[in-house]
Amino acid sequence: MPSIELRTPIPGPRSQELMRRRAAAVPRGVYHATPVFAARAEGALLEDVDGNRFLDFAGGIGCLNVGHRAPRVVAALRAQLDRFLHTCFSVAPYPDYIALAEKLNALVPGDFAKKTLLVNSGAEAVENAVKIARCYTKRPAVICFEDAFHGRTLLTMSLTSKIRPYKDGFGPFSGDVYRIPYAYCHRCSYSLRYPGCGVFCAHHLEDAFKRVVAADSVAALIAEPVLGEGGFVVPPPEFLPVLQDICRRHGIVFIADEVQTGFGRTGAMFACERFGIAPDILVAAKSLGGGLPLASITGRAEIMDAPGVGGIGGTFGGNPLSCAAALAVIETLERENLSARAEALGRRFSARAREWQKRWPIIGDVRGLGAMQAVELVRAGEAREPAKEETDAIVRQCYERGLIVLSAGTYGNVLRVLVPLVIADAQFDEGLDVMQASIEAVCGARAPAEPRHA
């Protein structure tokens, strides 16, 4: 029996009325990927206020690896509700904060002593990671990457690459932030080809120390192990180890931003494990809270202890409900082996998407790691012109047919999959059928043969 059930055209009348109210009450700058309003959700299903049932391939932008209303998470929240809601960890601390910090210290890669700070969001976590790195090194500069996304606060927006909509009109930005190319092989900044390039982009960091900013001025380098909003770009396996090695030679703190890659999404608890690296600081958020706001900064103990007493923290950081949820999330990931499930889902998507690629030359690249999968859409020709309009049209076709899916990429031409890892095979295949039908609706039953993109 299909999981998708549509009772009205999309959006339905109640969603349309709520959108009118939203337009009058909420700033226009808050974006919506779909025009439907949620009423309830379970697992990988979402029902809107008009009674339409969707398959959710977005997961609240990667926040629901264990699914909507995961049973262990709901049970943990109900138990915590009966105890207390808030005391502030800086006023009257509580056991679950300590238990979660201990768990993260054990899970984050690295055979060294670690400590963890809990905050509210990915952006706040990145801010604190940079702040701590500057305090530890006594250096001001931060190196980040093209096509990166690290948040919307002043510092994290400065670290973020994409101008519109994230940075447009919000300057001036934070100083001492320097940007270099990422290992985006499909759109190489140096017009080279892997593996013959020798991962030139990683070794270019040494050149940046001569031409852009002195190494002894750099506090930290921050990198997403797989680009998130930048288009689910998976770097070659040597890229991150080379960067880590260079950072260690120069006393630079290596920060891994695992806000979107963490907690089983890439086929391991953290994507860093897939690349064999142990960052000095690892930042996580999104799926950590199982749907509640929570983020973590886990790093070498000596680095994390650099700020003085009172130098870091916050009123709601490590909220009791969020900590309880996070412990249940980690238990679910481990007991249900969802990292292995992510790997299986990734293989299933990739096999299907490569069949689409044979039919439609607009699919220029199929890529991903674990269940963090994507296709990049480009128009015919060697220029690989981003097909943003077609991507937007496919996203619309998907939700009108009952599938919630998101676009990504600096050029807005990437379809990405952030499906809850608890999705059933039949549900996943049903969602892929909708994606295929939506591509066909926009691109035609079978596109004429074109030279394949390398």
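Just the heavy atoms: all of them, side chains too, but no hydrogens, waters or symmetry mates, feed the values below.
- Between Pro181 and His204 the shortest side-chain heavy-atom distance falls below 4.5 Å.
- Counted by atom type alone, Glu127 and Thr156 present zero donor-acceptor pairs between their side chains at under 3.5 Å.
- Considering Val108, Leu107, Leu104 in turn, Val108 is the only one that fulfils the side-chain contact (heavy atoms from CB on, under 4.5 Å) rule with Leu282.
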Next item on the list: Could you go through the salt bridge (Lys or Arg N to Asp or Glu O under 4.0 Å) check for Glu206 and Arg211 one step at a time?
Entry: CA-CA 9 Å; Glu206 290 281 15; Arg211 305 174 68 183; over 6 Å; no
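- Within the cation-pi definition used here (under 6.0 Å to the ring centroid, within 45° of the axis), Lys286 does not qualify as a partner of Phe263.
- At a threshold of 4.5 Å between non-hydrogen side-chain atoms, the residues Pro279 and Ile255 do not count as touching.
- A salt bridge does not link Arg139 to Asp176: none of the charged side-chain nitrogens sits closer than 4.0 Å to a carboxylate oxygen.
- Side-chain contact of Asp147 with Ser161: a donor-acceptor pair under 3.5 Å is absent, judged by distance alone.
- Taking 4.0 Å as the cut-off between side-chain N and carboxylate O, Glu343 and Arg274 count as a salt-bridged pair.
- Comment: Arg379 engages Glu390 in a salt bridge, judged by a side-chain N to carboxylate O separation of less than 4.0 angstrom.
- In terms of heavy-atom proximity, Val233 sits nearest to Pro235 at O-CD, 3.6 Å.
- Taking the six-membered ring for Trp, Phe54 and Tyr399 have ring centres at least 6.0 Å apart.
- Using a cut-off of 4.0 Å between Lys/Arg side-chain N and Asp/Glu carboxylate O, Lys358 and Glu355 are scored as salt-bridged.
- Nearest heavy atoms, Phe232 versus Ala374: CB-CB, 3.7 Å.
- At a threshold of 4.5 Å between non-hydrogen side-chain atoms, the residues Pro165 and Tyr31 do not count as touching.
- Salt-bridge check for Asp392 with Arg396: failed, with every basic side-chain N at 4.0 Å or more from each acidic carboxylate O.
- The minimum heavy-atom distance linking Val126 with His150 is given by the pair CG2-O, 3.9 Å.
- A salt bridge between Asp168 and Lys162 is absent, with no side-chain N of the basic residue lying under 4.0 Å from a carboxylate O of the acidic one.
- Arg401 and Glu430 are not joined by a salt bridge, as no carboxylate oxygen comes within less than 4.0 angstrom of a charged side-chain nitrogen.
- A salt bridge does not link Arg384 with Glu376: none of the charged nitrogens is closer than 4.0 Å to a carboxylate oxygen.
- Between Ile180 and Asp207, the closest side-chain pair of non-hydrogen atoms is not below 4.5 Å.
- Geometrically, Arg187 engages Tyr411 in a cation-pi contact, judged by NZ or CZ lying under 6.0 Å from the ring centre and within 45° of the ring axis.
- Closest of all the heavy-atom pairs between Pro109 and Glu273 is CG-CG, 3.6 Å.
- In this structure, the side chains of Leu240 and Pro225 come closer than 4.5 Å at one or more pairs of heavy atoms.
- Ion pairing of Glu47 with Arg40 is present here, as a side-chain N (NZ or NE/NH1/NH2) and a carboxylate O approach within less than 4.0 Å.
- Between Pro172 and Leu154, the shortest heavy-atom contact is O-CD1, 3.7 Å.
- Nearest approach of Leu418 to Gly62, heavy atoms of both residues: CD1-N, 3.6 Å.
- Ring to ring, Phe57 and Phe428 are close: their centroids are under 6.0 angstrom apart.
- Looking at Glu42 and Arg69, a side-chain N of the basic residue comes within less than 4.0 Å of a carboxylate O on the acidic one, giving a salt bridge.
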